[in-house]
Visitor: 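Below you will find the structure I want to go over with you.
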Amino acid sequence: MKNNFFYFVLLLCFNVLCSQTKIVDKTVEIERIVNRIQLPVFPKYKVTVTQFGAKGDSVTNCKSAFDKAMKACGKKKGGTIVVPKGVYTINGPIHFVSNVNLHLEAGAKIRFGSNPDDYPLVLTSWEGTMLYNYSPLIYANNVENVAITGTGTIDGEAKNTWIKWKPLEEKDKLLSREMNHNNVPLKDRVFGKGHFLRPQMIQFLNSKNILMEGVTIEDSPFWCVHLLKSKSITLRGLKYDAHNNNNDGIDPEYSSDILIENIQFNNGDDNVAIKAGRDDEGRANSNNPSENIVIRNCEFKGLHAVVIGSEMSAGVRNVFVDNCKASGYLKRGIYIKTNSDRGGYVKDLYFSNIALGQVEDCIYMTANYHGEGGGLYPSKISDISISNVSCESASNAAIVIEGFPEKKVENIVLDKITVKSAKNGMTLTNTQNVSINEIVIGDKIGVPSSVK
């Protein structure tokens with residue numbers, strides 16, 4: 001214990017046999033998912049927003065011009081809307097139709113206005129509960145073959161406007177959760193005027209064959225990219241500069257067949273947060289888990305790198321995170337969180353080849369994340385492989401895994417994990433079948449590892 005390094009090279013593990021843990025050929029499964037995803041295809045028809053009166057002077061309201069361009073593409077069964085260099089103010093949302101590529105050329109910026117009266121109520125979700133609220137700034141419902149591409153910028157202009165609602169949202173947040181728990185009919189879950197739930201920046205709902213590539217996303221009112229009940233999605237080459245409260249980078253929810261690659265995250269909250277509905281409503285949608293998600297070759301920077309939960313009641317499974325690195329300080333690197341209100345499951349997760357810098361906790365799995373219900377629905381966390389992870393320092397703990405006495409976290413493989421320094425080593429509570437190999441935790445251990 002006084003050596004420079006504190007070694008857990010435990011081929012004998014805590015109630016563990018590697019043979020009991022699910023083994024998957026990750027390469028084969030990743031390729032199967034990626035090959036199943038369909039990229040959108042567009043007609044040759046092309047228009048520029050300036051044809052319809054848009055001016056990139058940062059002053060003119062270009063809402064009408066963008067609407068007309070979208071309508072023109074709709075009449076032609078699709079096409080490409082080109083946004084040339086300039087700053088285009090839009091007082092209201094962009095609503096997609098099918099078979100359209102919104103393409104932002106170099107030097108183009110779309111800047112959204114922030115008057116709530118300009119944003120009609122639409123079907124959406126807010127922290128895991130379906131309801132009607134202000135339209136996301138870019139919104140697509142029940143469409144297919146859509147894209148946002150180019151090297152321009154999408155600016156939510158929220159830091160001096162929408163974000164001021166953050167201290168006012170608690171009453172409406174609790175109301176939405178009561179509606180969820182009490183199975184209030186969806187038609188009666190109406191927010192908007194007089195309420196303070198901030199809209200998402202970009203949301204795809206009930207949609208498929210989606211591409212986002214190359215653009216920069218900044219200053220979002222709430223979550224940046226929300227993938228809701230959608231499938232066959234490719235997100236690549238995006239850049240983030242979004243530091244408001246709740247500025248998650250990408251939030252898949254009830255969504256499947258997703259490729260997230262080559263993203264440069266720089267967010268005020270989670271980089272990727274995989275969700276699947278909240279509590280009663282989520283459990284009622286257990287046939288629609290978030291699944292078959294590949295995250296690779298990304299650069300993390302924000303509050304947390306990859307998060308599962310806490311809204312995950314319909315289940316999260318078959319997630320692959322590979323060859324990613326982080327810069328700056330993260331609170332947690334790999335973070336799996338649920339509680340006894342959620343129910344559902346988190347399983348078949350594979351994390352590999354991840355380099356983290358300074359963190360509070362390197363790996364943190366908890367079934368005891370704070371909740372607001374009766375605690376009758378403990379979630380099941382199982383079948384997780386974490387390998388080839390390095391971390392410079394953990395100001396709290398290298399590894400924490402917490403289950404329930406009646407529903408333990410089980411079938412976990414921790415292989416080749418190095419944390420150069422940590423205040424605490426590893427704590428396992430209510431776990432079984434945890435396989436540990438070549439775990440190295442550095443020379444400043446304040447509290448020894450424990451197993452309960």
Side-chain angles (χ1 to χ4, degrees), residues 61-64 66-71 73-74 81 90-100 102 110-148 154-158 161-163 165 169 172-173 175-177 179-180 184-210 212 217 220-231 233 246-248 250-255 275 277-278 281-282 285 288 311:
N61 179 15
C62 301
K63 166 66 173 165
S64 177
F66 276 77
D67 287 348
K68 289 176 181 177
M70 191 69 70
K71 186 176 181 179
C73 284
I81 298 173
I90 304 178
N91 293 330
I94 295 173
H95 283 189
F96 263 92
V97 298
S98 291
N99 307 310
V100 171
L102 179 64
I110 294 174
R111 187 172 67 185
F112 286 94
S114 52
N115 183 347
D117 292 339
D118 293 331
Y119 294 83
L121 299 189
V122 299
L123 178 62
T124 182
S125 170
W126 209 88
E127 289 194 347
T129 297
M130 297 298 296
L131 46 75
Y132 289 90
N133 191 37
Y134 294 109
S135 173
L137 311 190
I138 298 178
Y139 181 68
N141 184 2
N142 197 29
V143 301
E144 58 183 304
N145 297 318
V146 292
I148 302 172
I154 301 171
D155 184 353
E157 280 285 294
T161 51
W162 293 107
I163 200 58
W165 286 14
E169 75 184 21
D172 293 315
K173 177 172 71 174
L175 176 59
S176 74
R177 294 178 185 180
M179 290 175 168
N180 181 322
V184 172
L186 182 56
K187 66 181 178 61
D188 297 325
R189 301 180 188 183
V190 180
F191 290 77
K193 195 170 182 66
H195 299 275
F196 298 96
L197 298 182
R198 291 163 289 149
Q200 296 87 349
M201 171 89 94
I202 301 167
Q203 183 182 88
F204 298 96
L205 167 62
N206 292 321
S207 298
K208 65 181 181 180
N209 302 346
I210 298 161
M212 287 188 64
I217 297 167
S220 174
F222 189 58
W223 295 351
C224 294
V225 179
H226 188 195
L227 310 173
L228 178 59
K229 298 186 176 181
S230 294
K231 63 182 180 180
I233 302 163
N246 307 107
N247 270 191
D248 293 3
I250 300 169
D251 293 84
E253 182 172 16
Y254 298 120
S255 291
K275 303 174 181 293
R278 175 183 291 272
E281 183 174 289
N285 285 277
N288 197 12
E311 308 95 313

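These values consider heavy atoms only, across backbone and side chains, with no hydrogens, waters or symmetry-generated copies.
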Visitor: Which atoms form the tightest heavy-atom contact between S176 and L131, and what is the distance?
Guide: CB-CD2, 3.8 Å

Visitor: Test your reading of the model: is there a side-chain donor-acceptor pair from S98 to the backbone of E144, 3.5 Å cut-off?
Guide: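 Checked: pair present.
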
Visitor: Please check this pair: side chain of R198 against backbone of W165, looking for a donor-acceptor N/O pair closer than 3.5 Å.
Guide: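 Not at all, since once roles are kept as given, no pair shorter than 3.5 Å links the two residues.
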
Visitor: For the CG atom of L102 and the CE atom of M70, what is their distance to the nearest 0.5 Å?
Guide: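 Going from the CG atom of L102 to the CE atom of M70 covers 6.0 Å.
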
Visitor: Which distance, rounded to the nearest 0.5 Å, do you find between the OG of S64 and the CD1 of I90?
Guide: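 Reported to 0.5 Å precision, the distance equals 11.0 Å.
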
Visitor: In Å and rounded to the nearest 0.5 Å, what is the CD1 to CG distance from I202 to D251?
Guide: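 The CD1 atom of I202 sits 12.0 Å away from the CG atom of D251.
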
Visitor: Measure from the side-chain N and O atoms of D172 to the backbone N and O of F196, and report whether any donor-acceptor pair falls under 3.5 Å.
Guide: yes

Visitor: Run the side chain to side chain contact (heavy atoms under 4.5 Å, CB included) check on L228 and Q200 step by step: do they pass?
Guide: CA-CA 11 Å; L228 178 59; Q200 296 87 349; over 6 Å; no

Visitor: Assess the residue pair R278 and E311 against the criterion (salt bridge (Lys or Arg N to Asp or Glu O under 4.0 Å)); give the C-alpha distance rounded to whole Å, side-chain angles, the decisive distance to 0.1 Å, and a yes or no.
Guide: CA-CA 5 Å; R278 175 183 291 272; E311 308 95 313; 3.7 Å; yes

Visitor: Could you check whether any side-chain N or O of E281 sits under 3.5 Å from a backbone N or O of M130, counting only pairs where one atom can act as donor and the other as acceptor?
Guide: yes

Visitor: Between N247 (side chain only) and S220 (backbone N and O only), is there a donor and an acceptor less than 3.5 Å apart?
Guide: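 Answer holds: yes.
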
Visitor: Among residues at least two apart in sequence or on other chains, which ones pass ring pair (Phe, Tyr, Trp, His ring centres under 6.0 Å) with Y132?
Guide: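 With sequence neighbours excluded, Y132 shows a ring pair (Phe, Tyr, Trp, His ring centres under 6.0 Å) to no residue whatsoever.
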
Visitor: Quick check for you: to the nearest 0.5 Å, what is the distance between W126 atom CH2 and K173 atom NZ?
Guide: 6.0 Å

Visitor: Do you know which two heavy atoms are closest between I250 and P252, and how far apart they sit?
Guide: O-CD, 3.6 Å

Visitor: Give every donor-acceptor pair under 3.5 Å between a side-chain atom in residues 117-124 and any protein atom, sequence neighbours left out.
Guide:
unit_1	atom_1	unit_2	atom_2	d
Y119	OH	G113	O	2.5
T124	OG1	Q203	OE1	3.2
T124	OG1	Q203	NE2	2.8

Visitor: Counting only N and O atoms by type, is there a donor-acceptor contact under 3.5 Å from the side chain of S135 to the main-chain atoms of P93?
Guide: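 Pair absent, no side-chain N/O of S135 close to backbone of P93.
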
Visitor: Compare every heavy atom of N61 with every heavy atom of N91, then report the nearest pair and how far apart it is.
Guide: N-OD1, 3.1 Å

Visitor: Which residues pass the ring pair (Phe, Tyr, Trp, His ring centres under 6.0 Å) test with Y139, not counting sequence neighbours?
Guide: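 Result, ring pair (Phe, Tyr, Trp, His ring centres under 6.0 Å) vs Y139: H95.
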
Visitor: If you round to the nearest 0.5 Å, how far is CZ of F222 from CG of L197?
Guide: 8.0 Å

Visitor: On a heavy-atom basis, which atom in L137 and which in G156 lie closest, and how many Å separate them?
Guide: CD1-CA, 3.8 Å

Visitor: Apply side chain to side chain donor-acceptor pair (under 3.5 Å) to K208 and list each qualifying residue two or more places apart in sequence or on a separate chain.
Guide: none

Visitor: Keeping N285 on the side-chain end and Y254 on the backbone end, is there a donor-acceptor pair under 3.5 Å?
Guide: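 Checked: no pair found.
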
Visitor: Hey, is the main chain of R177 close enough, under 3.5 Å, to the side chain of T129 for a donor-acceptor pair?
Guide: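 Answer holds: no.
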
Visitor: Does one side chain, of N206 or N142, offer a donor that lies under 3.5 Å from an acceptor on the other?
Guide: no

Visitor: Please name the pair of heavy atoms, one in G128 and one in N180, separated by the smallest distance, quoted to 0.1 Å.
Guide: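 So the minimum-distance heavy-atom pair works out to O-ND2, 4.0 Å.
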
Visitor: Measure across C73 and V100 and return the closest heavy-atom pair with its distance rounded to 0.1 Å.
Guide: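 Taking every non-hydrogen atom into account, CB-CG2, 3.7 Å.
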
Visitor: Can you name the residues that form a side-chain contact (heavy atoms from CB on, under 4.5 Å) with K71, not counting sequence neighbours?
Guide: K75

Visitor: Could I get the full list of side-chain contact (heavy atoms from CB on, under 4.5 Å) partners for E157, not counting sequence neighbours?
Guide: R111, D155

Visitor: For a side chain to side chain contact (heavy atoms under 4.5 Å, CB included) check, start with the C-alpha distance between F96 and I148, then their side-chain angles and the critical distance, and finish with the verdict.
Guide: CA-CA 10 Å; F96 263 92; I148 302 172; 3.9 Å; yes

Visitor: Taking F204's backbone N and O only, do any of them form a donor-acceptor pair with S230's side chain (distance below 3.5 Å, no angle check)?
Guide: yes

Visitor: Nearest 0.5 Å, what's the CZ-CH2 distance between F112 and W162?
Guide: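 Rounded to the nearest 0.5 Å, the CZ-CH2 separation comes out at 11.5 Å.
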
